Amino acid sequence: MKRILAVAAGLVLFLFLASLLLRMILVKSHQVQAEPVTDLKVDARGAAEHLAGALRFPTISHENRQTVEAAAFQGLHQYLAQTFPRVHATLARETVGGYSLLYTWKGRKPELPPILLLSHQDVVPVEPGTEKSWTHPAFSGVVDGTWVWGRGALDDKVGMMAILEAAEMLLGRGFQPDRTVYFAFGHDEEVGGQGAAAMAALLERRGVRPAFILDEGGAIVEGLVPGVTRSAAMVGTAEKGVLSVELVADSDGGHSSMPLQHGAIGTLAAAIERLENHQMPARLAGAARRTYQYLAPEMPFGSRLVLANLWLFAPLLERQAASDPAANARVRTTTAPTIFQGGVKENVLPHEARAVVNFRILQGDTIASVLHHVRETVGPGIRVNATGGFNSQPSPESDVSAPEFSLIQRTLAQVIPGVIVAPNLLAGATDTRHYLRLSPNVYRFLPVRMKAEDLKRLHGTNERVGIENYGEVVRFYAQLLRNGSV
């Protein structure tokens, strides 16, 4: 009997392992094959000089939203008109919501659904005290032999300038789109995107229903995905929601020589510790799961075996993700305390302590469910309220089987041969959240090349983009317009 049981167990194990291997073998590549484009020549150095000129305008969005760098925005708008004369002679340009720009390139076949390309003009400030850490001043727009340096070189004047550069180049070749194309460049994306909201409302009133919308978000990552040795274009098909929660603890206050057992600061600190120790559950689903499904066929044996069998290994990946901030952000609603305020003097117990915790909401969770989680976790004695002006629900996930996603894949294969393309969940927020009512096909991608060392440049010090890479970005938009507007 024991021998029979051992044979049966061995057979079950064999069949189990065979099932895992079979699933791995049957995984098919999702990549698109296309002939490289050879007739789009970009003067990368000249385009880089144009980008550098735009970086010299300090179009900063300030947190108080009351201060607007009017002269900088007006100067940038004049610069765009001078730098791209064909665009401004052919396309209609409107100023919306203050300083946002909406361009309309009328197509020959107005019955076709249009295309909407997004970017933004504004940038974040330079953190005080870091000015001397920049290789070149943040608003100097220096072009050396390899890089374009300056605030906005990655986020996101690079997108705006590349779109206009591509349009200028195509117009010089006599190109006219069949379908209408819109460019929408917000002026305050970094502080909520009210300009984008105004443009989205205007387009909705006009009945504009784009075939697809493309904004910043994903990038071409190099060495950032374990097991992937080739460059990978991570195209955002969904965006996490955003919620900032204010926590307030009260106490009687008094003199520090006679402290309370639990003062406002201690009570609030304990509440935040509970939130960090009891985060919302991990869930490998939606766009994040589809990322692995697209990458699995391009990975070596071990990684491919795991990712081809997520039905078994997903819980393991979810547990492992907790130790890696980037991976953790893909599988759960994240918890990030960002502000802590309390006390005015070293010997005075404050009556009140206040903190703000920022959550990035995974699809399947909601603002309401996060607030419920916070209240349940911090317990009584803490006032909990939503705060801030960025709050939004998670976006819907755009369909990767849609022709519009294949269009982006094909364009990348034509412009950057050999790059892997995968859908992706975007942890940050973009202006696309204001346009979701206009189209089901909303994607977030800008083909700038990013290595691990470049991630800290976003909103940080020494923002820069490679000259040759910027030429690729211009070629991408030019070919996308050719592919998508006919």
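In this text, all values refer to a predicted model and were calculated from it rather than measured experimentally. Heads up: numbering here begins at 1 and tracks the sequence. Values below: all heavy atoms of this structure, side chains included; hydrogens, waters and symmetry mates excluded.
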For the CD atom on Glu127, are there more than 12 heavy atoms of other groups (residues, nucleotides or ligands in this structure) within a distance under 6.0 Å? no
Within the distance-only criterion (no hydrogens, no angle test), does the side chain of Ser119 pair as donor or acceptor with the backbone N or O of Phe185 below 3.5 angstrom? no
Using 30° and 60° as the class limits, which term best fits the ring planes of Tyr294 and Phe405: parallel, tilted or perpendicular? perpendicular
Heavy-atom neighbours of Glu131 CD exceed 12 at 6.0 Å: yes
Rounded to the nearest 0.5 Å, what's the gap from CG on Asp188 to CD on Gln121? Could you check? 9.5 Å
Would you find a donor on one side and an acceptor on the other, under 3.5 Å apart, between the side chain of Asn441 and the backbone of Ala211? yes
CG/Leu164 to NZ/Lys157 distance, rounded to the nearest 0.5 angstrom? 13.0 Å
Is the NZ atom of Lys456 crowded by more than 12 outside heavy atoms at less than 6.0 Å? yes
Would you call Glu352 and Arg383 a salt bridge, taking side-chain N to carboxylate O under 4.0 Å as the test? yes
What I want to find out is whether Arg151 reaches Glu190 closely enough, with some N-O distance under 4.0 Å, to be called a salt bridge. no
Between Asp144 and Trp149, which heavy-atom pair has the shortest distance, and what is it? OD2-NE1, 2.9 Å
State whether the number of non-hydrogen atoms from other residues, nucleotides or ligands found under 6.0 Å of Glu94 atom CD is greater than 12. yes
Does Asn391 use its side chain to pair, donor to acceptor, with the backbone of Ser244 at less than 3.5 Å? yes
Return yes if some donor-acceptor pair links the side-chain N/O of Glu168 with the main-chain N/O of Val87 below 3.5 Å, else return no. yes
So does Gln279 get a backbone contact from the side chain of Thr335, meaning a donor-acceptor N/O pair under 3.5 Å? no
Distance-only, no hydrogens or angles: does the Glu318 side chain make a donor-acceptor pair with backbone N or O of Leu284 under 3.5 Å? yes
Given 3.5 Å as the limit, does a donor-acceptor pair link the side chain of His120 with the main chain of Ala196, or not? no
Worked check of salt bridge (Lys or Arg N to Asp or Glu O under 4.0 Å) between Glu453 and Arg464: CA-CA 12 Å; Glu453 66 190 60; Arg464 69 185 187 185; 3.7 Å; yes
Arg274 side chain vs Val378 backbone, donor-acceptor pair below 3.5 Å: yes
Applying side chain to side chain donor-acceptor pair (under 3.5 Å) to Asn424 and Arg330, what does each step give before you reach the verdict? CA-CA 9 Å; Asn424 187 45; Arg330 300 175 60 79; 2.7 Å; yes
Can you tell me if Thr291 uses its side chain to pair, donor with acceptor, with the backbone of Pro423 under 3.5 Å? yes
Using atom types as modelled and distance alone, determine if a side-chain donor or acceptor of Arg56 lies under 3.5 Å from a backbone N or O of Gly141. yes
Carefully, step by step, assess Tyr435 and Tyr182 under the rule ring pair (Phe, Tyr, Trp, His ring centres under 6.0 Å). CA-CA 13 Å; Tyr435 295 88; Tyr182 294 96; over 10 Å; no
Are more than 12 heavy atoms from other residues, nucleotides or ligands located less than 6.0 Å from atom CZ of Arg437? no
Minimum-distance pair of heavy atoms, taken over all atoms of Val148 and Ala153: O-CB, 3.8 Å
